[in-house]
Every structure is written in C-alpha cells, then in structure tokens.
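Below is one structure, written out as structure tokens, with a few remarks after it.
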Amino acid sequence: MRVIVCLDYNEMSMVGARFVSSQLTLKPDSVLGLATGLTPVGMYNILSDMNKKGEIDFSKVKSFNLDEYYKIAPDNEQSYHYFMEKNLFSKVNIKRENTHILDGLSENPEEECERFDKLIQEKGGIDLQILGIGRNGHIGFNEPDKELYSNTHLTPLTQSTIEANSVFFESEDEMPKSALTMGMSSILKSKRIIIMANGESKKDAVARLLSGKISTDLPASLLNIHPDVILICDKAAYSSVNNK
Ligand code: GLP
C-alpha cells in the first residue's frame with residue numbers, strides 16, 4: 001500500500017482529485033467506484049470545479065456506488081442516492097444512465113445485489129475505487145465480524161456505525177439498521193483503490209490498517225493484499241501510526 005500523508009483535509013482532497021483526474025485523462029470512459037460519507041466531499045467539490053473549468057470530462061464515465069441504506073427511498077435526504085446527486089452528479093457532466101447505486105427499496109435484495117455485481121462485470125470492472133474508512137475499520141458497509149461476505153449483500157449495521165451515522169438522521173430510530181453493500185471481493189476486484197481518511201476519529205483505524213496484520217476485525221486491512229492501493233490521509237488520521 002502506498003501512503004500519502006497530507007497536511008490537512010484540503011490537501012488530501014486535492015491529491016485525491018488529481019488521481020481521479022489522471023485516471024479520466026488516461027481512460028475517459030473509466031468505471032469509477034464511488035463512496036459517500038463526509039470524507040470524499042472535498043474531493044467531489046474540487047472535481048466539480050475542474051469539470052466546470054473544462055479540465056476534466058465525465059461524459060463517458062460510468063460509476064458504481066459502494067453502498068446504500070436499506071430500506072430508504074432515493075429522495076430521502078439521508079440516502080446515498082440523494083448524497084451523490086447533491087455532492088457530485090448534479091455538478092458534473094456525468095450521464096445519469098451511467099450512474100449506478102443499489103436500490104435501497106428493493107423488495108428482493110438478494111436479486112438486486114446479484115444484478116449489481118453482474119452489471120459491474122459487464123461494464124468491464126471498476127478501474128478506480130474510492131473508499132472512506134469507518135472508525136471501526138469498515139469499508140462500504142463491510143462491518144468487522146468473524147467472517148466477511150465476498151459479494152454484494154444485505155448486512156445489519158453495527159452499533160458503532162449506527163452511532164456514528166445517526167447524527168445525520170433526526171434520531172437513531174429514523175436511521176436504517178441495515179444496508180446493501182459491495183462485498184470484499186466486489187471491492188478487491190477493482191484495478192486501483194484509493195482509501196481516504198481524515199481527522200483524529202480515524203487514527204486508530206489507520207494505525208491498525210498499516211500495522212501489517214490482516215484481519216476480518218478490520219475489514220479495511222484486507223486491502224493489504226491488493227497490488228495497487230493508495231492511502232491518502234491527513235496528519236491527524238496518521239498520528240497513531242507506529243504507536244500501535
Ligand atoms: C459510512 C459509509 C462508508 C464511509 C464511512 C465513513 O458508513 N458506508 O462508505 O466510508 O461511513 O464515513 P465518513 O467519511 O463520514 O467518516
């Protein structure tokens with residue numbers, strides 16, 4: 001894993017945006033794997049500005065999002081459909097028919113997950129996957145457990161994630177307690193992966209990610225077996241590395 005430690009969140013967002021922009025220059029019809037959460041918002045803003053200035057083009061880009069709450073309607077302000085529309089899709093020239101997000105209202109989640117994995121492969125697989133990391137080391141919604149799922153699947157959320165993410169909902173009761181998420185192999189099949197982390201709250205997860213050990217207790221640690229992963233973090237998120 002290559003590690004890039006940035007001064008702060010702005011620099012981190014800029015570095016992330018440069019990787020995405022180089023990817024689109026080299027392959028304008030790239031398949032991007034996209035993440036939600038606060039971490040990539042700065043990078044999405046920079047990409048939107050670059051797109052406005054004509055420096056990058058999303059017209060041929062295809063995208064697949066990592067996850068979606070279950071059950072949630074796409075027009076719910078806390079859905080990842082809504083998030084992507086607000087933070088990226090409405091601001092760049094990506095074609096909506098080329099964007100793919102799991103259906104958080106699907107009556108048949110198993111079928112929906114299978115359809116999603118198949119579609120990723122039909123489009124040639126993900127060229128560049130963007131990831132954030134949960135405080136407990138989750139990626140997508142692959143939560144720490146004795147066993148992890150390989151394919152896209154429906155999963156219950158852990159209490160730690162419910163607590164971390166319920167601040168965005170009116171109350172904890174409003175927050176869905178399950179989600180649809182790409183599985184570990186769906187993520188690891190990506191040709192290149194960028195994982196981003198900022199702030200003190202991520203320092204333990206980052207230190208464990210770089211500890212050299214692989215464990216399903218820290219789903220992100222499985223990224224260590226992938227040949228092309230870049231961790232972009234700020235100083236605060238990196239501050240516990242070597243202390244663990
Ligand atoms: C959520 C998402 C993840 C995201 C993580 C971190 O639970 N499912 O994909 O990476 O939380 O979120 P944040 O970037 O807000 O810290």
Side-chain angles (χ1 to χ4, degrees), residues 6 8-10 12-13 15-17 32-47 63-72 76-84 86-88 100-102 104 113 116 126 128-145 148-149 152-169 172 174-184 186-188 190 193-209 218-223 229-234 236-238:
C6 301
D8 56 20
Y9 180 69
N10 284 341
M12 187 183 107
S13 304
V15 171
L32 298 181
L34 298 175
T36 51
L38 294 177
T39 310
V41 170
M43 181 182 77
Y44 290 157
N45 285 337
I46 295 169
L47 290 172
S63 75
F64 287 89
N65 261 80
L66 267 176
D67 46 15
E68 177 57 290
Y69 288 116
Y70 189 77
K71 284 189 156 184
I72 202 163
N76 182 311
E77 291 190 16
Q78 299 313 326
S79 76
Y80 289 163
H81 278 79
Y82 193 95
F83 176 100
M84 289 312 300
K86 180 172 156 216
N87 290 295
L88 188 68
H100 306 280
I101 306 182
L102 285 150
C113 292
F116 200 74
I126 293 171
L128 177 66
Q129 173 69 55
I130 306 295
L131 294 176
I133 183 168
R135 293 172 203 183
N136 61 3
H138 74 229
I139 50 176
F141 273 127
N142 293 279
E143 296 276 34
D145 210 333
L148 300 177
Y149 276 82
T152 299
H153 59 284
L154 175 65
T155 181
L157 300 177
T158 60
Q159 192 52 32
S160 140
T161 299
I162 292 170
E163 276 162 28
N165 292 13
S166 63
V167 295
F168 299 107
F169 290 82
E172 205 175 291
E174 301 271 305
M175 182 176 159
K177 307 294 182 297
S178 312
L180 301 172
T181 181
M182 278 190 205
M184 295 309 298
S186 313
I187 294 171
L188 288 167
S190 310
I193 300 174
I194 287 180
I195 178 160
M196 302 175 84
N198 69 289
E200 284 249 332
S201 67
K202 302 292 171 70
K203 67 179 187 187
D204 288 340
V206 168
R208 289 172 67 204
L209 173 64
L218 192 88
S221 68
L222 270 84
L223 297 174
V229 178
I230 304 149
L231 166 68
I232 308 175
C233 61
D234 70 354
Y238 193 75

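Order of appearance sets the numbers: ligands from 1, and atoms from 1 within every ligand.
What sits closest to atom 16 (O) of ligand 1 on the protein, heavy atoms only, is K202 NZ, 2.6 Å. Scanning all protein heavy atoms for the shortest distance to atom 4 (C) of ligand 1 gives T36 O, 4.1 Å. Taking atom 15 (O) of ligand 1 as the reference point, the nearest protein heavy-atom neighbour is L38 N, 2.8 Å.
For the side-chain contact (heavy atoms from CB on, under 4.5 Å) test, residues two or more places apart in sequence or in another chain that qualify with F169 are Y69, I72, Q78, E174, M175, P176. Looking at residues two or more places apart in sequence or on another chain, you find a side-chain hydrogen bond (donor to acceptor under 3.5 Å, both in side chains) between E143 and N136, H138, T158, T161.
Residue Y80 has at least one heavy-atom neighbour below 4.0 Å for each of these atoms of ligand 1: 1 (C), 2 (C), 8 (N). Near G140, meaning under 4.0 Å from any of its heavy atoms, are these atoms of ligand 1: 2 (C), 3 (C), 8 (N), 9 (O). Those atoms of ligand 1 with a heavy atom of D67 less than 4.0 angstrom away are 2 (C), 8 (N), 9 (O). Of all atoms in ligand 1, listed by their number and element, those nearer than 4.0 Å to a heavy atom of G132 are 10 (O). Ligand 1 places these atoms under 4.0 Å from at least one heavy atom of G37: 12 (O), 13 (P), 14 (O), 15 (O). Ligand-side atoms of ligand 1 in range of F141: 7 (O), 8 (N), range being under 4.0 angstrom from any heavy atom.
Contacts of R135 with ligand 1, taken as heavy-atom pairs under 4.0 Å, are absent altogether.
Remark: among candidates I133, N198, T39, the nearest residue to atom 6 (C) of ligand 1 is I133, based on non-hydrogen atoms.
Of all heavy-atom pairs between A35 and F83, the closest is O-CE2, 4.3 Å. Looking at every heavy atom in both residues, I162 comes nearest to L157 through CD1-O, 3.7 Å.
A heavy-atom separation below 4.0 Å is found between H138 and ligand 1.
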Could you go through the side chain to side chain contact (heavy atoms under 4.5 Å, CB included) check for I232 and M43 one step at a time?
CA-CA 11 Å; I232 308 175; M43 181 182 77; over 6 Å; no
Show your reasoning for whether side chain to side chain contact (heavy atoms under 4.5 Å, CB included) applies to L223 and L188.
CA-CA 7 Å; L223 297 174; L188 288 167; 4.0 Å; yes
Begin from the C-alpha positions of E77 and F168 and carry the test side chain to side chain contact (heavy atoms under 4.5 Å, CB included) through to its verdict.
CA-CA 9 Å; E77 291 190 16; F168 299 107; over 6 Å; no
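Under a 3.5 Å cut-off, the side chain of T181 and the backbone N or O of F141 do form a donor-acceptor pair.
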